Amino acid sequence: MLRLKKRSEFLTAARGARLSRRGFVLQAIRRSPEDLQPPRVGFTVTKKVGNAVVRNRVKRRLRELARLHGPNHLKSGWDYVLIGRSGALHLTFDAMVADFKGCVRDIMGGKTDGAYRKRRPHSKATKAPNSVSTREPAAHKNTQKTD
């Protein structure tokens with residue numbers, strides 16, 4: 001099993017299917033139909049989860065999960081990203097394994113978290129051409145004092 005290391009690879013995987021579980025979020029995307037190379041897996045944990053020690057503990061658990069069960073469940077030609085959550089510290093390893101197997105099965109079956117699939121790219125709000133602003137213009141600060 002290969003690793004994802006470049007930011008662009010993580011961003012590409014973020015455009016694919018996404019499923020949340022108690023201890024992690026799994027993102028997956030097919031590289032190309034003719035690509036039959038082994039699956040690639042990336043791991044990330046945000047600073048929200050905790051300090052560096054806590055984040056590394058979560059990553060170690062996710063890496064071990066992928067090492068033991070990835071070869072049997074992950075498909076060739078796919079990229080996967082496991083995003084660690086704080087729940088990964090409190091779950092038993094067997095519970096994480098069950099979540100991982102179910103999550104991979106659901107993604108391969110076409111199931112995704114609907115809320116994430118409906119996101120639209122951010123765009124600046126534009127004012128309608130005929131709208132009138134109700135805000136008064138700000139007073140100029142560069143006025144000269146007269147004595």
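As the structure is a prediction and not an experimental result, all values here were calculated from the model. Numbers here simply count residues along the sequence, with the first being 1.
Although no hydrogens or angles enter the test, the distance criterion places a donor-acceptor pair under 3.5 Å between the side chain of R61 and the main chain of A88. Without hydrogens or angle criteria, R55 side chain to V58 main chain gives no donor-acceptor distance under 3.5 Å. Side-chain atoms of R31 come within 3.5 Å of backbone N or O of W78 as a donor-acceptor pair.
Hydrophobic clustering, with ILVMFWY side chains joined whenever heavy atoms are under 4.5 angstrom apart, keeps M1 apart from L4. By the rule that hydrophobic residues join a cluster once side-chain heavy atoms approach within less than 4.5 Å of another member, F43 and Y80 end up as members of one cluster. Under the 4.5 Å side-chain contact rule for hydrophobic residues, V81 and V104 do not share a cluster. In this structure, I29 is not a member of the same hydrophobic cluster as I83, with clusters built from ILVMFWY side-chain heavy atoms closer than 4.5 Å.
When every heavy atom of A66 is checked against every heavy atom of P71, the shortest pair comes out as O-CD, 3.5 Å. Annotation for A17 and I107: closest pair CB-CG2, 4.2 Å, computed over non-hydrogen atoms. Closest of all the heavy-atom pairs between A95 and L91 is CB-CD2, 4.3 Å. Nearest approach of V25 to S20, heavy atoms of both residues: CG2-OG, 3.9 Å. Taking all atoms of both residues into account, the shortest heavy-atom contact from F10 to T44 is CE2-CB, 4.4 Å. Across every non-hydrogen atom of L68 and N72, the tightest pair is O-ND2, 4.1 Å.
The 12-atom threshold is exceeded at CZ of R63, counting heavy atoms of other residues, nucleotides or ligands nearer than 6.0 Å.
With a 4.5 Å cut-off between side-chain heavy atoms of Ile, Leu, Val, Met, Phe, Trp and Tyr, the cluster of L2 takes in none.
Using cut-offs of 30° and 60° for the angle between ring planes, the H73 and F100 rings count as perpendicular.
Ionic pairing of D106 and R21 is present here: one or more N-O contacts between side-chain nitrogen and carboxylate oxygen are shorter than 4.0 angstrom. In this structure, R67 pairs ionically with E64, as a charged nitrogen and a carboxylate oxygen lie closer than 4.0 Å.
To the nearest 0.5 Å, atom CE of residue M96 and atom SG of residue C103 are 11.0 Å apart. Summarising the geometry, atom CG belonging to D99 is positioned 11.0 Å from atom CG belonging to D94; distances are rounded to the nearest 0.5 Å. Atoms CZ and OG, on R30 and S76 in that order, are 9.0 Å from each other to the nearest 0.5 Å. Once rounded to the nearest 0.5 Å, the distance linking NZ of K75 with CE of M108 reads 6.5 Å. Between the CZ atom in R85 and the NZ atom in K48 there is a gap of 10.0 Å [rounded to 0.5 Å]. Between atom NZ of residue K111 and atom CZ of residue R105 there is a gap of 8.5 Å, rounded to the nearest 0.5 Å.
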Under the criterion side chain to side chain contact (heavy atoms under 4.5 Å, CB included), I'd like the reasoning laid out for L26 against R18: C-alpha separation, chi angles, the key distance, then a yes or no. CA-CA 6 Å; L26 179 67; R18 176 183 180 119; over 6 Å; no
Taking it one step at a time, do T12 and D79 satisfy side chain to side chain contact (heavy atoms under 4.5 Å, CB included)? CA-CA 9 Å; T12 301; D79 286 343; 5.5 Å; no
